[in-house]
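Written out below as structure tokens is the structure these notes cover.
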Protein chains: 2
Amino acid sequence: MADKICIKKKCFSPDVIKRLSLYLRNLRKIRKENITVISSAKIIEFLNVSAEQFRKDLSYFGGFGKRGVGYKVEKLIKEIEAILGINKKWPIALIGAGKLGTALLKFEGFSKLNSRITCAFDSDKGKIGKIINGIKIEDIKSLGKIIKEKEIKIAIITAPPEKAQGIVDELVCLKIRGILNFAPVILKIPDGIFISNVDMACELESLLFFVKHKDGLVMTETKAQ
Amino acid sequence: MADKICIKKKCFSPDVIKRLSLYLRNLRKIRKENITVISSAKIIEFLNVSAEQFRKDLSYFGGFGKRGVGYKVEKLIKEIEAILGINKKWPIALIGAGKLGTALLKFEGFSKLNSRITCAFDSDKGKIGKIINGIKIEDIKSLGKIIKEKEIKIAIITAPPEKAQGIVDELVCLKIRGILNFAPVILKIPDGIFISNVDMACELESLLFFVKHKDGLVMTETKAQ
DNA sequence: TATACTTTGTGAAAATAGTAACAAAGTAGG
DNA sequence: CCTACTTTGTTACTATTTTCACAAAGTATA
């Protein structure tokens, strides 16, 4: 990881943020069980993270617990939501209504987030006009118009790899601020715009390595999470 | 990253493997352009990796280049394929034929890999029997029988989070060796079985952080890839 | 063959991330 | 209010990962 984030003179890795998202999901599960106060040791019980790391991750943003007691579940949820920026609703555009795009439009996993996909685009005449999960697929030609209208700052790219860079260039002009990229290419973006790549083929390929070498390799800790 | 892989006394991180997969994809693109020999500096040109890191990643497995010349594209592709275990075909089972599962069955990104999804399972009567992209959705009850028959060692989990752990436990009994998990839960697995988590909701949530803090945070390198 | 240039492979150094240890702060019970 | 116990927040330490620097090996040209 080459990047480093500094906030109020404290520096930390982007992985800290991903773990915060993980903690948040777990805390919501804990809340459902009507637990109101909980220790760091209990919070991380089913996550592959140590209690020390959990506390350290939080410490970059402040002290949210009480010594000798633990953390108030409800309060901590609110705090992490605020850190992540989830308390604000960010409308999201999906670009590429192919198989994966359609699945994401219907995906239950996103529906639990405050932010939702609010519009979708494709260049295929056969797809334009279709309504999936209540969202109409728009012509990619109206991307600029709609993104400005709806003040969209986040985009999900599920377009084919050869089209992805062109789309990103257009999005950059439209002042988009964050991109979740599913296209299997590394995209060039200027400073100040953030991109997160989900590369399913890479994940699967690297998994094959571990399976292939199972017997030949030694691991200090065995779970390759 | 807590894990470490040791092979022939050399130790490296699992990230090395993911990068190898990335290099492989790029090399295939380079091959299409009829380039036969290339330097490390050129290979990484459109990847967010330094030439030194590329060479070091390869060095864990051997010396594949020629000093003063570079790397033979075709040969290097073959070598990386061999390292990753891609030259062997691994049949893959998909468990959970919901929206995401269906998308993965149709997903073009996987079709370029040697390994393919060869069977799919669901517990929903409405889905069982359907044929998606040539693959018939089987009853989850016949999981054990079919996995043994087809000698499947790799599984993709796209089941809902509350069912995922139960499925994993069953897969473990069936001697599965690698799992690609899309369910938003951390799954418990015994030593010797490998799991790779793709957590799309976490990715999106962490992206919101960067967008929210855009102006307030300082990054040593700006791309959050 | 000698010289200038290119590029790999790798050990050493620097940067980063994760772990451990512990003081500080709180609770509980007599 | 004193003692024993709990749990956080943070500093110091350890391990890992990445970058740097350069020798080794090759090419090309005169």
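Reckoned from all heavy atoms, side chains included, excluding hydrogens, waters and symmetry mates. Letters A, B, ... are given to chains in the order of the sequence lines, protein chains preceding strands, and every chain is numbered from 1.
- Checked against C:dT8, D:dG26, D:dT7, the side chain of B:Arg55 finds its nearest nucleotide in C:dT8.
- Each of B:Gly63 and B:Gly68 was assigned the nucleotide of DNA chain C with the nearest heavy atom; the assignment lying further toward the 5' end belongs to B:Gly68.
- Close to C:dA17, at under 4.0 Å from its OP1 or OP2, lies a side-chain N or O of A:Ser13.
- Summarising the geometry, the separation between CZ on A:Phe61 and C1' on D:dT10 is reported as 16 Å, rounded to the nearest angstrom.
- Listed candidates were C:dG26, D:dT10, D:dT19. Nearest to the side chain of A:Ser59 is D:dT10.
- When the side-chain nitrogen and oxygen atoms of A:Arg67 are compared with OP1 and OP2 of C:dC22, none of them lie within a distance under 4.0 Å.
- Nucleotide C:dG18 holds its C1' atom 10 Å from the CG atom of A:Asp57, rounded to whole Å.
- For C:dG26, the OP1/OP2 oxygens have no side-chain nitrogen or oxygen of A:Tyr71 closer than 4.0 Å.
- At whole-Å resolution of the value, NZ in B:Lys18 and C1' in D:dT18 are 18 Å apart.
- Taking the six-membered ring for Trp and the full ring otherwise, B:Phe61 and B:Phe12 have centroids separated by under 6.0 Å.
- The ring of A:Phe54 has its center closer than 6.0 angstrom to the ring center of A:Tyr71.
- At whole-Å resolution of the value, CZ in A:Phe12 and C1' in C:dG18 are 16 Å apart.
- With respect to A:Glu81 and A:Arg28, a salt bridge is recorded, a charged nitrogen being found less than 4.0 Å from a carboxylate O.
- For D:dT17, its base never sits under 3.5 Å from the side chain of B:Lys56 at any donor and acceptor pair.
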Could you please spell out the steps behind the side-chain hydrogen bond (donor to acceptor under 3.5 Å, both in side chains) verdict for A:Gln53 and A:Asp57? CA-CA 6 Å; A:Gln53 185 154 67; A:Asp57 286 346; 4.8 Å; no
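- Rounded to a whole Å, the CG atom of B:Leu76 is 14 Å from the C1' atom of C:dG9.
- Other residues, nucleotides and ligands contribute more than 12 heavy atoms inside 6.0 Å of the CD atom of B:Glu162.
- When distances run from any side-chain atom of A:Glu52 to the nucleotides C:dT7, D:dG26, C:dA21, the shortest one goes to C:dA21.
- When the side-chain nitrogen and oxygen atoms of A:Ser40 are compared with OP1 and OP2 of D:dT7, none of them lie within a distance under 4.0 Å.
- Atom CG of B:Leu58 is separated from atom C1' of C:dT7 by 14 Å (rounded to the nearest Å).
- A straight line from CZ of A:Phe64 to C1' of D:dT10 spans 15 Å, rounded to a whole angstrom.
- Contacts of B:Gln53 with the nucleic acid, taken as non-hydrogen atoms under 4.0 Å apart, involve only primed sugar atoms and P, OP1 or OP2.
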